[in-house]
Structure formats: C-alpha cells, structure tokens
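Quick note: residue numbers are just sequence positions, from 1. Only this structure's heavy atoms are used, side chains among them; waters, hydrogens and symmetry mates stay out.
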Amino acid sequence: QMQLVESGGGLVQAGGSLRLSCAASGRTFSSYRMGWFRQAPEKERQFIGTISRSGGSTDYADSVKGRFTISRDNPKNMVYLQMNSLKPEDTAVYYCAAGSSYTMVNRASAYDWWGQGTQVTVSS
C-alpha cells in the first residue's frame, strides 16, 4: 500500500502560479514513476505529466508543455507540480499517482496508487 497526499491547491488568478506537492509513504518511493493528472467537472481524468523514477526524464501533455514542470525529491518522498501562466481551463482537481509500469505512462491505467486530489481554481 502506498499513500499519496496532495497539497498546495487553491484559488489563483489567470496568469498566476501554484506549486502542488505530493507526499508519498508506505512503499519505496524511488521505485515508482510518478504522474500528475487532473479532472474537471463532468470531464474525464486527463494526463498532465510524468517523471521517471530517478527524476531524470519527464513528459508532458501538449496542453501544459512549457507552463508546468514536474520534479521529485526521492530522499524526501516528494513530487511536485509547478504550474505557471495558469489559465481558467486549468481549473480541476489535481491528482498525483504512482505506478510501476514502463509503458503507456500517459494513461491512468499505468498507475497503481492515487492521492485524494487537491482543487485548483483559476479565475479569469
């Protein structure tokens, strides 16, 4: 069992920034790829980005590329999502996830453990 707890969400104006954090416990954090997803009301869960076990490689959805950055601190069992130039369409509940898969890492099915989510609201 792995526990993931997100924090850092809130209300921000368009153009602003937020940094989400995800604290992991229960399993060897560095053994898992980490991902960030989001889900807006009445929409499917959407892939945002992922970071490799070592933190050496990342991949992002086109919709956030150049604005969002994922990083991790393995000794602290933390993963972060830095969000800049936020837009109203970024409004959603944001989830971090941990997975052991090496393929299809932009899909929710590749992740085994999920946090409870944190709300991000971007006002225009």
Short question: side chain of S52, backbone of S57 - any donor-acceptor pair under 3.5 Å? yes
Residue set satisfying side-chain contact (heavy atoms from CB on, under 4.5 Å) with S63, at least two apart, ordered chain then number -> R38, Q46, A61
Grouping ILVMFWY residues whenever side-chain heavy atoms fall under 4.5 Å, the cluster of V93 otherwise contains F37, F47, Y95, V105, Y111, W114
Show me the donor-acceptor pairs within less than 3.5 Å that the side chains of residues 96-103 make with the rest of the protein, sequence neighbours left out.
| from | atom 1 | to | atom 2 | distance (Å) |
| --- | --- | --- | --- | --- |
| S100 | OG | D112 | OD2 | 3.1 |
| S101 | OG | T103 | N | 3.1 |
| S101 | OG | T103 | O | 2.8 |

In this structure, SG of C22 is separated from CZ of R72 (nearest 0.5 Å) by 10.0 Å
Within the side chain of R19, is there an N or O that forms a donor-acceptor pair under 3.5 Å with the backbone of Q82? no
Counting N and O atoms only, with roles assigned by atom type, does the side chain of Q39 sit under 3.5 Å from a partner on the main chain of A92, one being a donor and the other an acceptor? no
According to side chain to side chain donor-acceptor pair (under 3.5 Å), who are the partners of E89, at least two apart in sequence or on a separate chain? none
Among residues at least two apart in sequence or on other chains, which ones pass side chain to side chain donor-acceptor pair (under 3.5 Å) with S54? none
M78 versus S21, closest heavy-atom pair with distance: CE-CB, 3.7 Å
Between A14 and S124, which heavy-atom pair has the shortest distance, and what is it? CB-CA, 4.3 Å
Tell me who clusters with V12, hydrophobic residues only, linked when side chains sit under 4.5 Å apart either directly or through other members. M2, L4, L18, L20, F29, Y32, M34, W36, I48, I51, Y60, V64, F68, I70, V79, L81, M83, L86, Y94, W113, V120, V122
If you take all heavy atoms of Q1 and Q3, which pair is closest and at what distance? CG-NE2, 2.9 Å
N74 to S30 - nearest heavy-atom pair and separation: ND2-CB, 3.6 Å
Closest contact, heavy atoms only, S17 versus N84: OG-OD1, 2.9 Å
So CD of Q119 and CG of L11: to nearest 0.5 Å the spacing works out to 9.5 Å
CA sep, side-chain torsions, deciding dist, call: K65, D62, salt bridge (charged side-chain N to carboxylate O under 4.0 Å, His left out): CA-CA 5 Å; K65 202 170 291 184; D62 287 343; 3.2 Å; yes
